[in-house]
Amino acid sequence: MGTGSEKQRTGSECGQRNSADYLSCFSSTYLVIKAGLRIRAKKYQQTRVVVNIGISGNITLMKSFNFTLLTKDRKTSARRGVLETPHGRIETPIFMPVGTHAAMKAMTPRQVADCNAQIILCNTYHLHLRPGEALVEKAGGLHRFMAWDGPILTDSGGFQVFSLPNKRITEDGVFFRHEITGEEIFLDPAKAMAIQEALGADIIMAFDECIPYPCDKSYASRSTRKTLRWAEECKKAHTRRDQALFAIVQGSIFEDLRAMCARELVQMDFPGYAIGGVSVGEGLELLKKVVEFTAPHLPEDKPRYLMGVGLPEDILESVERGMDMFDCVIPTRYARSATLFTNRGRIRLTSRKYRRDFYPVEPNCTCYTCTNFTRAYLHHLFVSNEVLSAILASIHNVHFYLNMMAEVRTAIEEGRFSEYKNNFLSQYDKGGK
RNA sequence: GGAGGGAUUCCCGAGUGGCCAAAGGGAACAGACUGUAAAUCUGUCGUCGGACGACUUCGGAGGUUCGAAUCCUCCUCCCUCCA
């Protein structure tokens, strides 16, 4: 950028390359002219052309955030949609890899893009702590700072309310005590919004309290009301119109609380809704129930994001129940401890039985790892504690997840989601672990 | 030739009379991980059996003692220093 040369990108470089059909009818062109004039033209399905012109650094014309529901599965609640953001389109259902500290662990942005990632996650709390949102803003925003051109979603820090020790939760916000630095961090709705606006992600999340499981109903009820109040405060504090603010439904495992929370949030009218407070140890059966009785309260024409989920089986069950977006640290975290996903289940590459296994991790996989390396080699890397083990394993796991999502989308389009899911799970369970 | 130091369970290494099957670390093996306090954490790690227990271990052989990895004697091997 800034060399005066023309730079052209295809849709595939913007993180949109799962479906050949869409690839062929979508392209986006950036023209960068010496004076800093930026012209952006985007064609979508040959029917609509949006041209934004802005002076670089000063005026940026807003691209609207838009969700289109393309197809609904006949037998289940599975949905196929498209989410348009200022940094590109997202085909749903989608899995969003997690790069908490403005970095995917053990992967370069290019490797993440090569795995067909469309959008990634970063974290408000962690980036506020280090390097601080002011610095990220000075660096030109999160996208430029971390060299990721595609859409980004920032989580609000609500999950840290659940996961971190040494915190004090009040009616107005949360005091965190940083374990290493000893620093005290205070987050409330207004602050979470200010930080996320400075970071500049495409989708930002309301500040909520992720309720632990198990939890008695009276606490869940009080906490859920607080999350509702905080959502309203977030909405008031949110000023950047090029960012979509998603609200988060809490309510633990209680149907009436979830319904109440969803209804009230929908009344406040957000561009997207998340179900939070799951994947906190409740297990797949309860997760299914929660999604089943919460999703129907969410509007059809808005994206639905199931936070922190999960394992492949969790995602498939939740797609079936009408969820569109997922994120989870599992593919990357598991990769670093040698657990890899295959069509026949998870395998642990540190296991001695892979020492002389000269097959790819997943023979049908087209990822960089599987097309170039054997299980024996990865076993060797893990046993030798080589950094490359984490890289190759992460590439495979992220690719595996995103490939599964691409197959899910195609299956929904072709009206055979249930068959796909059943087929996947029967094969997957057979060789599990 | 003389003087001194040492040999511990796969490896490194603590232990100097009972609380020792023997600290700690590593390796090995197994497991966990769901909006990342995470290249992290947990378990097993002499043998046999369920915890409890039984049996065999601290270079080798004897001895002292109710009791020895620990004390004594001799032997083997290794290291350092002086000739």
Side-chain angles (χ1 to χ4, degrees), chain A residues 95-107 119-127 129-130 152-167 176-183 185 192 196 201 203-213 227 246-250 274-284 286-287 290 305-315 317-318 323 325-339 341 346 348-355 379 381-394 397 401 433:
Chain A
F95 177 80
M96 308 181 280
V98 182
T100 304
H101 301 267
M104 290 284 299
K105 289 188 192 295
M107 292 178 85
I119 169 172
I120 60 170
L121 245 74
C122 294
N123 183 275
T124 300
Y125 171 86
H126 291 290
L127 291 174
L129 208 71
R130 190 170 56 187
I152 299 176
L153 182 151
T154 43
D155 184 31
S156 61
F159 184 70
Q160 279 61 45
V161 179
F162 159 78
S163 68
L164 294 181
N166 304 323
K167 73 248 166 180
F176 299 93
R177 175 70 63 183
H178 191 258
E179 185 78 344
I180 297 152
T181 64
E183 198 179 343
I185 311 291
Q196 291 188 88
I203 301 172
I204 66 177
M205 300 305 298
F207 187 58
D208 65 329
E209 180 186 346
C210 180
I211 305 173
Y213 175 83
T227 287
F246 281 26
I248 304 171
V249 180
Q250 289 291 344
I275 296 177
V278 291
S279 63
V280 288
E282 76 285 355
L284 180 55
L286 274 173
L287 170 70
V290 168
Y305 163 26
L306 187 61
M307 305 187 78
V309 171
L311 291 165
E313 54 268 39
D314 301 338
I315 293 175
E317 297 292 355
S318 304
M323 299 307 292
M325 303 164 69
F326 305 88
D327 81 281
C328 191
V329 304
I330 280 180
T332 44
R333 182 182 287 173
Y334 277 30
R336 276 175 274 125
S337 52
T339 301
F341 291 88
R346 282 139 62 175
R348 186 191 302 274
L349 279 178
T350 42
S351 177
R352 203 161 181 77
K353 64 184 168 196
Y354 299 114
R355 209 162 85 88
H379 171 86
L381 292 180
F382 275 111
V383 165
S384 317
N385 202 23
E386 285 291 335
V387 174
L388 189 57
S389 63
I391 297 170
L392 295 181
S394 298
N397 276 357
Y401 265 64
K433 287 193 190 169

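Below, read A as the first sequence line, B as the second, and so on, with proteins coming before strands; counting in each chain starts at 1.
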query: Counting any heavy atom closer than 4.0 Å, what does V383(A) reach on the DNA or RNA strands: base, sugar-phosphate only, or nothing?
result: sugar-phosphate
Residues at least two apart in sequence or cross-chain that pass ring-ring contact (aromatic ring centres under 6.0 Å, His included) with H178(A), listed by chain then number, are none
For E282(A), the salt bridge (charged side-chain N to carboxylate O under 4.0 Å, His left out) test, sequence neighbours excluded, returns none
With a 4.5 Å heavy-atom cut-off, do L129(A) and I185(A) have their side chains touching?
yes
A7(B) -> Watson-Crick or G-U wobble partner, both distances under 3.5 Å, gives U76(B)
### Message
Counting the atoms with a prime plus P, OP1 and OP2 as sugar-phosphate, which does L164(A) contact under 4.0 Å by heavy atoms, base, sugar-phosphate, or nothing?
### Response
sugar-phosphate
With the side chain defined as heavy atoms from C-beta on, R352(A) is closest, among C33(B), C29(B), U36(B), to C29(B)
The Watson-Crick or G-U wobble partner of U57(B), with both key distances under 3.5 Å, is none
Taking U34(B), A37(B), A39(B) as options, the one with an atom nearest any side-chain atom of N385(A) is A39(B)
key: Sugar-phosphate, base or nothing in reach of D327(A), heavy atoms under 4.0 Å   = sugar-phosphate
Of U36(B), A28(B), A39(B), the nucleotide closest to the side chain of Q160(A) is U36(B)
Under 4.0 angstrom between R348(A) side-chain N/O and A32(B) OP1 or OP2:
yes
- Message: What's L287(A) touching, base or sugar-phosphate or nothing? Going by heavy atoms closer than 4.0 Å.
- Response: nothing
From the candidates U36(B), U40(B), A39(B), the one with an atom nearest any side-chain atom of S337(A) is U40(B)
Scanning all shown strands, the Watson-Crick or wobble mate of U70(B) with both distances under 3.5 Å is none
>> Can you say whether a donor on the side chain of N123(A) sits under 3.5 Å from an acceptor on the base of G35(B), or the other way round?
In response: no
Closest non-hydrogen contact found for P312(A) with Y401(A) is CD-OH, 3.3 Å
Subject >> Evaluation steps, ring-ring contact (aromatic ring centres under 6.0 Å, His included), between Y305(A) and F326(A) >> reply: CA-CA 6 Å; Y305(A) 163 26; F326(A) 305 88; 8.2 Å; no
Under a 3.5 Å limit on both distances, the Watson-Crick or wobble mate of G50(B) is none
Practice task
Please state the P separation for the pair A22(B) and C33(B) - nearest whole angstrom.
Solution key: 31 Å
_Over all strands shown, is H126(A) touching base, sugar-phosphate only, or nothing at heavy-atom distances under 4.0 angstrom?_
sugar-phosphate
(Q) What contact category does G277(A) fall into here, base, sugar-phosphate, or nothing, at under 4.0 angstrom with non-hydrogen atoms? (A) base
Any S351(A) side-chain nitrogen or oxygen under 4.0 Å from OP1 or OP2 of A30(B) = yes
Pairing partner of A39(B), by Watson-Crick or G-U wobble and under 3.5 Å for both distances, is none
As its Watson-Crick or G-U partner within any shown strand, both distances under 3.5 Å, U34(B) has none
Of C328(A) and R336(A), the one whose closest nucleotide on RNA chain B sits nearer the 5' end is C328(A)
- prompt: Aromatic rings Y334(A) and F341(A): how do their planes relate, parallel, tilted or perpendicular, breaks at 30° and 60°?
  reply: parallel
Quick note, L311(A) side chain, CB onward, closest among U34(B), A37(B), C33(B) is U34(B)
base_contact_polar (U36(B) base, T332(A) side chain, donor-acceptor, <3.5 Å) = yes
Have a look at Q250(A) and say if it touches a base, only the backbone sugar-phosphate, or nothing, with a 4.0 Å heavy-atom cut-off.
-> base
* Would you say a side-chain N or O of S279(A) is under 4.0 Å from OP1 or OP2 of U34(B)? -> no
